[in-house]
There are 2 protein chains.
Amino acid sequence: MARPKETLVPTTPHVEGDEDIGEIRSIVGFHIRLAHGATYRHFTETFTDIDLTQKQVSVLWLIDDHPDIAQTDLAHRMRMDRATTMAIVNRLQDRGYLVRGASLTDRRKQTLNLTDAGRDALAKAKDAILEHERWLKSRFTDQEVEMLIEMLTRIHE
Amino acid sequence: MARPKETLVPTTPHVEGDEDIGEIRSIVGFHIRLAHGATYRHFTETFTDIDLTQKQVSVLWLIDDHPDIAQTDLAHRMRMDRATTMAIVNRLQDRGYLVRGASLTDRRKQTLNLTDAGRDALAKAKDAILEHERWLKSRFTDQEVEMLIEMLTRIHE
DNA sequence: GAGGATTGTCAGTGCAACATACAATAACAT
DNA sequence: ATGTTATTGTATGTTGCACTGACAATCCTC
């Protein structure tokens, strides 16, 4: 069967640089998802050597800021449920970045604390975060950054 | 890698209702992730009956806007890779919401089009999206919404 | 002490992002 | 035309993470 070079109806008139997404463009949630995706991608690129995810860094960071924190408290601050939190804590514990301890005040609770390795990893991660943030903030003035954070906070708080 | 010991807030005592997240608060990426999480959670709540994810709705929507679109083109517009796109298209196809067809112009390509069921699901989804968007936009003035979208676009475009 | 709530754990499910490999096809250089 | 390279879709496997529902231990209230 010969293949005539049929120049039929071009599927979508696909002009170079045509990335129009139509009416969906006006949907805020859509842009949040795309922005999150772009941010996440750049994050993982920046963190290839360190091999930590956004979530994991955030958890390390919060534990460092709040020693002896309980998993439920951590979950609450991160807006995660208990099961998800446990999965992340498990991963971090397996890698020797944190230790679980017994709470003195409530025997149901576990205290979470970083190990030296965890603190070390967090320090490296914070450097990488600064790099990542520079990439992110390069699009905005200081005032815009402030406004963006404020608006995003209105969504998640 | 001698790094000046960061002078951090002393261990924040844990008062009732203390949800402070410390210095991490100034990290834009952190807020994007939290806002995305909050948005995603509300989305899934709004969509329990319809049983579609953000991603799936976006794909249906884009296919509806661009009939005969190829998977690669779709992937590009959604900022996904081919494998991820295929997984989503497969799921949607299994549920009878779209069909793959042969492209007339390039036999490597598949054309994607919605079925009637797909169009129906999309119509319902759009209603739910409006509801979801109302929830999202209730925090902002029209002008702020516009600014937020513009800023988020700067990140993902 | 009994009943209810909280905390951590565990098992299972689903989505989605990634990498890798492969076959078919198209595009291109010579 | 021929061989090389690029593109497109597919298949497979891994990882992360969010959710559900169940469970035991513990705490709190009455």
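Model, not experiment: these values are computed from the prediction. A, B, ... follow the sequence lines: proteins, then strands. Residue 1 opens every chain.
Considering only the side chain of A:Thr53, D:dC17 comes nearest among C:dA26, C:dA16, D:dC17.
Rounded to whole Å, atom P of C:dT13 lies 16 Å from atom CZ of B:Arg91. Atom CG of B:Asp106 and atom P of D:dA6 are 17 Å apart (whole Å). Rounded to whole Å, the distance from CG on A:Leu52 to C1' on D:dC17 is 15 Å. Residue A:Met80 contributes atom CE, which lies 14 Å from atom P of D:dG16 at whole-angstrom precision. The interatomic distance linking B:Phe47 (CZ) with C:dC15 (P) rounds to 15 Å, in whole Å. One can place NZ of B:Lys109 at 9 Å from P of C:dA27, the figure rounded to the nearest angstrom. Taking atom CG of residue B:Asp68 and atom P of nucleotide D:dT8, one finds them 16 Å apart after rounding to whole Å. Residue B:Asp81 contributes atom CG, which lies 18 Å from atom P of D:dT14 at whole-angstrom precision.
OP1 or OP2 of D:dT10 lies within a sub-4.0 Å distance of a side-chain N or O belonging to B:Gln71. The shortest distance between the side-chain N/O atoms of B:Gln110 and the OP1/OP2 oxygens of D:dT10 is below 4.0 Å. Using a 4.0 Å cut-off, no side-chain N or O of A:Gln54 falls inside it from OP1 or OP2 of D:dC17. The phosphate of C:dT9 has OP1 or OP2 within less than 4.0 Å of a side-chain N or O from A:Arg100.
Positionally, the nearest nucleotide of DNA chain C for A:Met86 lies more toward the 5' end than for the other of A:Met86 and A:Tyr40. Two residues, A:Arg108 and B:Asn90, neighbour DNA chain D, and the one matched to the more 5' nucleotide by heavy-atom proximity is B:Asn90. Summary of the strand contacts: B:Arg82 and B:Thr44 both lie near DNA chain D, and taking for each the nucleotide with the nearest heavy atom, the more 5' one is attributed to B:Arg82.
Of all non-hydrogen atoms in A:Ile63 and A:Asn113, the two that sit nearest each other are CG2-CA, 3.8 Å.
The residue B:Thr72 sits close only to the backbone: its heavy atoms come under 4.0 Å of sugar-phosphate atoms, none of a base. Contact annotation for B:Ala87: no contact, since no heavy-atom pair falls under 4.0 Å across all strands. At a threshold of 4.0 angstrom between heavy atoms, the contacts of A:Ala70 are confined to the sugar-phosphate backbone, with no base atom among them.
Ring planes of A:His132 and A:Phe43: perpendicular class, angle over 60° (limits at 30 and 60°).
In this structure, the side chain of A:Glu144 engages the main chain of A:Thr141 through a donor-acceptor pair within 3.5 Å. For the pair B:Glu157 (side chain) and B:Arg154 (backbone), a donor-acceptor distance under 3.5 Å is absent. B:Thr39 contributes a side-chain N or O that, together with a main-chain N or O of B:Ala35, makes up a donor-acceptor pair within less than 3.5 Å.
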